[in-house]
Amino acid sequence: MRPSFSIIFFTVLSGAGYGLLFLAALGIAFGGTVGGRALAMLVVGGVLASVGLMASLGHLGKPLRAWRALSQWRSSWLSREGVASLATYLPLLFLVLAGLLPALHASAATLRIAAAALCVGAAATVVCTANIYASLKPVRAWHDPHVVAGYLLIGLHTGMAWWLAFAAGSPWPAWLLDVLLLAPACAVLKWRYWRSIDAAPAMPTTSAATGLAGKVVSLEAPHTEENYLTREMGFVLARKHARRLRRVVAGLFLLAPACAFALWLVLGWPAAVAGLLAAMLAAFVERWLFFAEARHAVMAYYAR
Amino acid sequence: MTMLPPPGPRKLGLVIDLDTCVGCHACAVACKEWNEGGQFGPLPDEDPMGAEPFGVWFNRVHSYAVEPGLGIGDSGLAPGRDAPAPSNPQSPIPNPGLTVHFPRSCLHCETPDCVTVCPTGASYKRAEDGIVLVDADKCIGCQLCAWACPYGAREFSEARGTMQKCTLCVDRIYNETLDEADRQPACVMACPTRARHFGDLGDPASGVSQLVAERGGYGLLPESGYKPVNRYLPPRPRRDGRDAPEAVHAAPEEPFDASRLPPLLRWLDRALSR
């Protein structure tokens, strides 16, 4: 599949934004205050998620009609994603306002309820985003049980990288959680995902697609030039380099956070910023590969 | 609404005969012509006269070689079966190698994901006749429906910013300004070998349903679960070849004595017998 940059930016940035919002809101839900750095994290997370959502509009042929996408939440994961992302703004805006205007005197209980709602909304939005792709049966590499977990984990890991870059004091537990649990979990999950998609045939044979038993080879394509289908669904480059790119992704997930942690012990926050850059790079490469490596069933008709 | 309507009795669709299709692309051209000028047009092209013409077509005609060998010449389809049978190496019919022309277009599935994934309700299936359509005024051009279709039925137009697909010529088949005989999809009208048939596949008594029953018509990729309505008629079994020489020899020879012929005809008989 042709990796569209608007969708890569959409999924990576909104994933990281909702990951950061989830972590910041988790702190508030467990009794943290909505001021200073927590407020800054809510704002940064909100901006990241919003930039990601705006990037998704770049993929639309008619972006001005995007509001129509909120109507079919009963059947469409894309519509559900839109509804969930908008609903998540409600607790987010409430918390930001409460942080900015102490005169509101929001009670601690209200803040904790809003923070819990933000956690649920952020996670739900990422689940919907992943299901937009995981629900597409003709793309075997997307229609895989590891996809939703991958979007959630990578969103949480990149969100944690942003959180660490902003964290005050000495956030040991958060570093250890990321280095020992989140980042290796991302690498292991991706490894299992790649094993899973390599184990099953990526698309039907031309024989199965046409219903003609026997060995079926394309004698003549329907058109001499490219068309929408071959451009959109006949992207080959990523599969040519898949092995190397998978190593890059797994390596970045496994090694970069540990290196950043070691440097952080010596250098402090600049190492956390370097860790953030590495985590985002890993997420971008992973997402590019996720889209670009996938085969679409229609290419069976083109026998390529 | 992108929720699917309850299944209705009418399932309009096409039956395409892979035995008689000659791969002339007349269906594709007639479709393009009608839909550029019809009520749903224009069917847009980007740079149609340029070095790399690029545009939307609702019909794409593939040509395949089915390689020669044992057990693949009977197309592997038992009559009445929906699924293609796996290749059968024990088949008595040797396959001399086939060229199969394969027109591909929207199959107007009964339970298509292209409808349910649509976030806006632009993609919909009509309850009254099962035709799957795109409302161009609602489509936001997210292209999710094209990704959801394993048959490649949908093509996105950059020029229009919306998704395009076969309408089963809904602007012809109910068009009372046309003669009744012309109320058929443009591709069906144009086919010079009558390899394309249009009708109600939900009615077991209809001509298309009978054709499907008679010839073992099948749907594509039944494992997709989309329940395509359109049916393909498999290539007819090729002649075995083993019976043929016997048949020739079995014909009783007429009594014939060359020596009784005049010289010219005797010479002719000798020349032709060589």
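Letters A, B, ... are given to chains in the order of the sequence lines, protein chains preceding strands, and every chain is numbered from 1.
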Measure the shortest side-chain to side-chain distance between [X] and [Y] over non-hydrogen atoms and say whether it is less than 4.5 angstrom.
X: A:Ile132; Y: B:Leu144; answer: yes
X: B:Tyr64; Y: A:Glu220; answer: no
X: A:Leu212; Y: B:Pro235; answer: yes
X: A:Leu136; Y: B:Val117; answer: yes
X: A:Tyr228; Y: B:Gln143; answer: yes
X: B:Pro150; Y: A:Tyr301; answer: no
X: B:Leu220; Y: A:Thr210; answer: no
X: A:His223; Y: B:Val61; answer: no

**Prompt:** Between B:Ala65, B:Gly141, B:Pro53, which shows the greatest number of heavy-atom pairs under 4.5 Å with chain A?
**Reply:** B:Ala65
**Fill in**
Heaviest contributor of heavy-atom pairs below 4.5 Å to chain A, chosen from B:Cys149, B:Gly161, B:Ser63, is B:Ser63
**Request:** Just jot down the side chain to side chain donor-acceptor pair (under 3.5 Å) partners of B:Ser157, sequence neighbours excluded, or say none.
**Result:** none
**Which of A:Ser56, A:Ala221, A:Ser218, A:Ser135 touches chain B most, by non-hydrogen pairs under 4.5 Å** = A:Ser218
**Fill in**
With chain B, the option among A:Glu226, A:Glu81, A:Met299, A:Met203 that has the most non-hydrogen atom pairs under 4.5 Å is A:Glu226
Taking all non-hydrogen atoms of both residues, which atom of [X] and which atom of [Y] are closest, and how far apart?
X: B:Cys118; Y: A:Ser76; answer: O-CB, 3.5 Å
X: A:Ser71; Y: B:Pro119; answer: OG-O, 3.6 Å
X: B:Gly121; Y: A:Gln72; answer: N-CG, 3.2 Å

Go through the atoms of [X] and report whether side chain, backbone, both or neither lie under 4.5 Å from a heavy atom of chain A.
X: B:Phe102; result: side chain
X: B:Ala136; result: backbone
X: B:His101; result: neither
X: B:Ser224; result: backbone
X: B:Ala146; result: both

Whether over 12 other heavy atoms sit under 6.0 Å from [X] [atom1]:
X: A:Arg246; atom1: CZ; result: yes
X: A:Lys137; atom1: NZ; result: yes
X: A:Met280; atom1: CE; result: yes

**Message:** Can you tell me how the ring of A:Trp142 sits relative to the ring of B:Trp147, calling it parallel under 30°, perpendicular over 60° and tilted otherwise?
**Reply:** perpendicular
**Message:** Taking side-chain contact (heavy atoms from CB on, under 4.5 Å) as the definition, give me every residue that meets it alongside A:Pro222, ordered by chain and number, with sequence neighbours left out.
**Reply:** A:Tyr302, B:Arg60, B:His62
Please tabulate, for side-chain N and O atoms in residues 281-289 of chain A, each donor-acceptor pair with protein atoms closer than 3.5 Å (sequence neighbours left out).
from	atom 1	to	atom 2	distance (Å)
A:Glu286	OE2	A:Lys190	NZ	2.5
A:Arg287	NH1	A:Thr11	OG1	3.3

**Asked** So which part of A:Arg231 gets closer than 4.5 Å to some heavy atom of chain B, the side chain, the backbone, both or neither?
**Response** side chain
**Item:** Separation between CG of A:Leu57 and SG of B:Cys142, rounded to the nearest 0.5 Å
**Value:** 11.5 Å
**Request:** Would you please go through residues 59-68 of chain A and name the residues with a non-hydrogen atom below 4.5 Å from one of chain B, in numerical order?
**Result:** A:His59, A:Leu60, A:Gly61, A:Lys62, A:Arg65, A:Ala66, A:Arg68
